[in-house]
Amino acid sequence: MNRRDALKAAGIAIATAAVSANATEAASTTPPMNRIDMKPQDPAKPTDFELKHMPQITVKEKDSKGYTMVEITIGQNGIIHPSTPDHWIDFIELYADDKLVGKNMLEADISRGATAFAVKLDGVKTLTSKAGCNLHGIWTASVALS
C-alpha cells in the first residue's frame, strides 16, 4: 500500500469512528418517547396530571375565505404542560371528522405545547386533537361543532 492509500484509509477510519461515537452519544442522551394512547381515569373529573396533558381546542370565527382558526394548547384549566429538555410535548395533531388536517412537531425546551391551524370546517361535526408527551404518552381531546 502506498502512502496516499494509507492516508486515505486512515482518514476514512477516523471519520467512521467519529460518526460512530457521535451516534452512540446521541442515542444515549435522547430522552425516551412514550407512544401509548392515554385517557383520563374519570373523564368527568380529570386530575391535574391529566389536565396538564390534555389538548384544549379553541375554535375562532370563520374568515372571509371560509377558513376557521383552530387554536390548540396543551393543558387545561390554567394548568400548562412544561417544556424542558427532558419533558415536553413533541407533536400536536388536528383531525376534522377523523381526517388529519394538520400536524406540528415541537422541539424540547424551546417550544411550548401550542399551535394553530386555519382550516375549512364546512360540514365537519367533530374536531379532535392528539398531543404527544415524550414521557406520558399521547393524549386526545375532542369538541363537537354545531
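- With sequence neighbours left out, Ala114 forms a side-chain contact (heavy atoms from CB on, under 4.5 Å) with Thr73.
- Side chain of Thr68 to backbone of Lys120: no donor-acceptor contact under 3.5 angstrom is found.
- For the pair Ala131 and Ile74, the tightest heavy-atom approach, listed with the atom from each and the gap, is CB-CD1, 3.4 Å.
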Side-chain donor-acceptor distances from residues 55-63 under 3.5 Å, at least two apart:
unit_1, atom_1, unit_2, atom_2, d
Lys62, NZ, Asp122, OD1, 2.9
Asp63, OD1, Lys65, N, 2.9
Asp63, OD1, Gly66, N, 3.0
Asp63, OD1, Tyr67, N, 2.9

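- With sequence neighbours excluded, the residues forming a side chain to side chain donor-acceptor pair (under 3.5 Å) with Ser142 are Thr128, listed by chain and number.
- Considering only residues two or more places apart in sequence or on other chains, Ile80 meets the side-chain contact (heavy atoms from CB on, under 4.5 Å) condition with Arg112.
- Taking Asp97 as the reference, Val124, Lys125, Thr126 meet the side-chain contact (heavy atoms from CB on, under 4.5 Å) condition, with sequence neighbours excluded.
- Val70 and Leu145 fall within the same hydrophobic cluster, where Ile, Leu, Val, Met, Phe, Trp and Tyr residues are linked whenever their side-chain heavy atoms come under 4.5 Å apart, directly or through other members.
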Decide yes or no on side-chain contact (heavy atoms from CB on, under 4.5 Å) for Val119 and Val101, but give the supporting numbers first. CA-CA 8 Å; Val119 294; Val101 295; 4.0 Å; yes
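- Scanning for salt bridge (charged side-chain N to carboxylate O under 4.0 Å, His left out) contacts around Lys103 gives Glu93, with sequence neighbours left out.
- One finds the OG atom of Ser129 at 6.5 Å from the CG atom of Leu94 (value rounded to the nearest 0.5 Å).
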Going through the checks in order, is the side-chain contact (heavy atoms from CB on, under 4.5 Å) test met by Lys130 and Ile92? CA-CA 6 Å; Lys130 292 185 178 192; Ile92 301 172; over 6 Å; no
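- By the side-chain contact (heavy atoms from CB on, under 4.5 Å) test, Ala108 pairs with Trp88, sequence neighbours left out.
- The line from NE2 of His81 to CG of Leu51 is 12.5 Å long, rounded to the nearest 0.5 Å.
- Phe91 belongs to a hydrophobic cluster with Met105, Ile138, counting contacts under 4.5 Å between side-chain heavy atoms of Ile, Leu, Val, Met, Phe, Trp and Tyr, direct or through other members.
- With sequence neighbours left out, Asn104 forms a side chain to side chain donor-acceptor pair (under 3.5 Å) with Thr115.
- Residues in residues 39-54 take part in no salt bridge (charged side-chain N to carboxylate O under 4.0 Å, His left out) pair, two or more places apart or across chains.
- Other members of the cluster containing Ile36 are Met38, Phe49, Met54, Trp139, with ILVMFWY side chains joined at under 4.5 Å, either directly or via other members.
- Cluster partners of Leu100 are Tyr95, counting Ile, Leu, Val, Met, Phe, Trp and Tyr whose side-chain heavy atoms approach within less than 4.5 Å, directly or via other members.
- To the nearest 0.5 Å, atoms CE (Met33) and SG (Cys133) are separated by 9.0 Å.
- Checked by atom type and distance alone, the side chain of Asn34 pairs as donor or acceptor with a backbone atom of Leu135 at under 3.5 Å.
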